[in-house]
Amino acid sequence: MGPIVIPFELKATFLRELDEGLKKARSAFEALRVTADDPVALDEISRFFHRIAGTAHSVEFPTLGRVGMLCESLADFLKECDGAHRGKALELFADGLAAVEELLDEHRASSAERRAPAPLNAQKILREPTLSRVLVIDDDPFSAKLVDTCLRAAGFVSASCSEPEQALEIVESELPDLVILDVVMPGVDGFELCRRIRKNPALAFTPIIFVTRKGDVEGRVRGLEVGGNDYIAKPFDPQELVARVRSHLQRLAALQDMAIRDGLTRCFNHKYFKLRVEQELARSRRYHAPFCIALADADHFKFVNDTYGHQAGDAALGRLANLVVAGVRGSDVVARYFGEQFGLLLIESGLKEATLVTDRLRARIASELFTLPEPSDGSPAPSVPMTVSIGVTEVQATDTVESLLQRAGAALAEAKSAGRNTVRTATG
């Protein structure tokens with residue numbers, strides 16, 4: 001992956017918001033000159049430089065970022081000490097505000113000569129498309145937008161929220177794959193929000209990455225204690241941010257895959273199959289889209305296990321699963337439904353089409369010889385034929401998941417009774 005380019009539009013937004021923030025910071029500075037211990041004015045100064053410290057470096061203004069870090073630390077120090085150092089502090093704040101003013105003056109002077117490039121083509125930015133959804137929560141809209149832009153540039157589906165009080169509701173309704181959470185926020189800070197997120201069972205394994213101030217070891221430790229998975233320090237490096245996000249999402253995908261896959265065949269498991277049938281049933285009711293389900297059962301599979309052993313039976317079952325998966329479309333769902341029985345969800349297929357597909361699958365399996373593992377006595381690896389019986393049914397308007405599966409099961413039983421190696425259908 002190449003370097004992530006910070007768009008011109010994002011730098012322009014940073015400068016515009018910096019200009020607006022500077023006006024409030026100057027008012028706070030004037031208030032401190034009148035009343036050196038004014039807590040409201042000191043908080044305003046601290047917030048202003050906090051935003052600069054967290055974002056300036058990431059939009060390629062590293063010197064300003066260091067100024068922000070120094071002035072923010074000074075403001076935090078003044079909140080805890082007596083008034084003896086306030087006079088000198090005001091001089092340093094004045095220097096910090098002057099540095100911001102100089103940067104803005106420089107860009108105002110050159111703005112007439114600089115033309116913004118053409119709007120970015122989102123398709124060109126996406127380097128590694130993914131369906132992973134990331135939610136960025138930060139009370140500072142620009143900081144949230146900065147992280148959001150970096151993630152989108154790397155190919156993630158990202159969104160941001162700058163209202164901490166509403167963030168939990170958004171997280172619980174959207175169920176993002178990963179959350180990036182700022183620590184310092186008014187009302188509900190990042191630690192409390194993380195605790196609340198972890199109380200929801202559906203979000204128990206959702207990765208949470210905290211954004212902390214550089215050198216804030218206490219904040220990092222506390223973040224891990226309340227359920228965070230990782231942290232990144234402000235000002236962050238875009239490459240590091242993307243690498244951490246991708247690492248956690250890959251780990252999450254592996255866990256999710258383990259939860260819905262059968263360990264032997266790598267097909268989906270029984271629980272996931274029923275869930276997908278339920279989802280497809282709801283979609284069918286809404287859009288009147290047809291679909292079919294089929295149950296395919298290996299004939300005389302007990303013979304393979306009893307004759308050649310369970311290791312041979314597992315190998316045959318794995319080969320059978322591969323043939324079933326290869327015999328349907330990529331959009332269809334194949335699951336190990338029970339033992340040597342497979343469930344097939346044939347999306348947007350009517351009964352006639354589903355019957356043709358499953359009968360072709362039946363014939364393909366019957367034409368194969370299944371090579372089994374070599375016996376322990378060193379004799380040649382045996383090859384055995386295998387057939388399947390299949391029951392198929394199409395969804396009806398009044399169906400439930402249970403009625404669909406019962407009808408497919410009845411059709412499968414009929415196929416077994418008819419001599420096996422055949423396909424039978426059942427209508428509602």
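Only heavy atoms go into these numbers, but all of them, side chains included; no hydrogens, no water, no symmetry mates. Positions are given from 1, in the same order as the sequence printed here.
- At a threshold of 4.5 Å between non-hydrogen side-chain atoms, the residues Lys24 and Arg47 do not count as touching.
- Residues Thr393 and Asp399 fail the side-chain proximity criterion, which asks for heavy atoms closer than 4.5 Å.
- At a cut-off of 3.5 Å, with distance as the only test, a side-chain donor of His248 or Asp230 sits close to an acceptor on the other residue.
- Around the CD atom of Gln311, the shell of radius 6.0 Å holds no more than 12 heavy atoms that belong to other residues, nucleotides or ligands.
- Contact annotation: the side chain of Asp138 never approaches that of Val147 to less than 4.5 Å [non-hydrogen atoms, C-beta and beyond].
- Under the 30°/60° scheme for interplanar angles, the aromatic rings of His270 and Tyr337 are found to be tilted.
- Checked for salt-bridge contact, Asp182 and Lys234 meet the test: a charged N lies under 4.0 Å from a carboxylate O.
- Using a 4.5 Å cut-off on side-chain heavy atoms (C-beta onward), Phe48 and Leu97 make contact.
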(message) Evaluate Leu405 against Phe273 for side chain to side chain contact (heavy atoms under 4.5 Å, CB included), listing each step before the verdict.
(response) CA-CA 11 Å; Leu405 292 172; Phe273 181 71; 4.1 Å; yes
(request) Start with the C-alpha distance between Ile197 and Leu168, add both sets of side-chain angles, then the distance that settles side chain to side chain contact (heavy atoms under 4.5 Å, CB included), and finish with yes or no. (result) CA-CA 7 Å; Ile197 290 173; Leu168 182 61; 3.9 Å; yes
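- Scanning both residues, Asn269 and Ala259, for their nearest heavy atoms gives ND2-O, 2.9 Å.
- Remark: the backbone N or O of Ala289 is paired with a side-chain donor or acceptor of Ser284 at under 3.5 angstrom.
- Val211 places none of its side-chain heavy atoms less than 4.5 Å from the side chain of Phe236.
- Of the residues Asp306, Asn305, Asp299, the one that meets the side chain to side chain donor-acceptor pair (under 3.5 Å) test with Lys302 is Asp306.
- The residue from Leu295, Val357, Val423 that alone fulfils the side chain to side chain contact (heavy atoms under 4.5 Å, CB included) condition with Ile390 is Val423.
- Using a 4.0 Å cut-off between charged side-chain N and carboxylate O, Glu172 and Lys199 make no salt bridge.
- Considering only residues two or more places apart in sequence or on other chains, Arg285 meets the salt bridge (Lys or Arg N to Asp or Glu O under 4.0 Å) condition with none of them.
- Between Cys194 and Gly227, the shortest heavy-atom contact is SG-C, 3.8 Å.
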(request) Please assess Ile365 against Val324 for the test side chain to side chain contact (heavy atoms under 4.5 Å, CB included), listing each intermediate value before the final yes or no. (result) CA-CA 8 Å; Ile365 293 170; Val324 174; 4.3 Å; yes
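- Salt-bridge check for Arg266 with Asp257: passed, with a basic side-chain N closer than 4.0 Å to an acidic carboxylate O.
- Here the closest non-hydrogen pair linking Leu361 and Gly327 is CD1-CA, 4.2 Å.
- Figure legend: cation-pi geometry between Arg336 and Phe268 absent, as NZ or CZ is not positioned both under 6.0 Å from the six-membered ring centre and within 45° of its axis.
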(request) Determine, stepwise, if the pair Ser389 / Asp297 fulfils side chain to side chain donor-acceptor pair (under 3.5 Å). (result) CA-CA 5 Å; Ser389 300; Asp297 190 83; over 6 Å; no
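- Salt bridge Glu225/Arg222: absent, no basic N to carboxylate O contact under 4.0 Å.
- Using a 4.0 Å cut-off between charged nitrogen and carboxylate oxygen, Arg244 and Glu240 count as a salt-bridge pair.
- Between Arg251 and Ser247, the side chains place a donor N or O and an acceptor N or O closer than 3.5 Å (distance only, hydrogens not considered).
- Two residues are said to be in side-chain contact when any heavy atoms from C-beta on lie closer than 4.5 Å; Pro176 and Val134 fail this criterion.
- Taken from CD1 in Ile232 to CG in Leu241, the straight-line distance is 4.5 Å, to the nearest 0.5 Å.
- Note: Phe303 and Tyr308 have perpendicular aromatic rings, judged against thresholds of 30 and 60 degrees for the angle between ring planes.
- The two atoms that bring Val277 and Phe291 nearest to each other are O-CZ, 4.4 Å, heavy atoms only.
- Side-chain contact check for Val388 versus Leu320: some heavy-atom pair is nearer than 4.5 Å.
- For the atom pair CD1 (Ile45) and NE2 (His50), the distance works out to 14.5 Å, reported to the nearest 0.5 Å.
- The stretch residues 351-366 participates, sequence neighbours left out, in these side-chain hydrogen bond (donor to acceptor under 3.5 Å, both in side chains) pairs: Asp359-Arg362, Arg362-Asn421, Arg364-Glu368.
- Side-chain contact between Leu193 and Met185 is present, with heavy atoms from C-beta onward closer than 4.5 Å.
- Under the 3.5 Å distance criterion, with hydrogens and angles disregarded, a donor-acceptor pair is assigned to the side chains of Ser349 and Arg329.
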(request) Walk me through it: do Thr206 and Val171 pass the test side chain to side chain contact (heavy atoms under 4.5 Å, CB included)? (result) CA-CA 10 Å; Thr206 301; Val171 171; over 6 Å; no
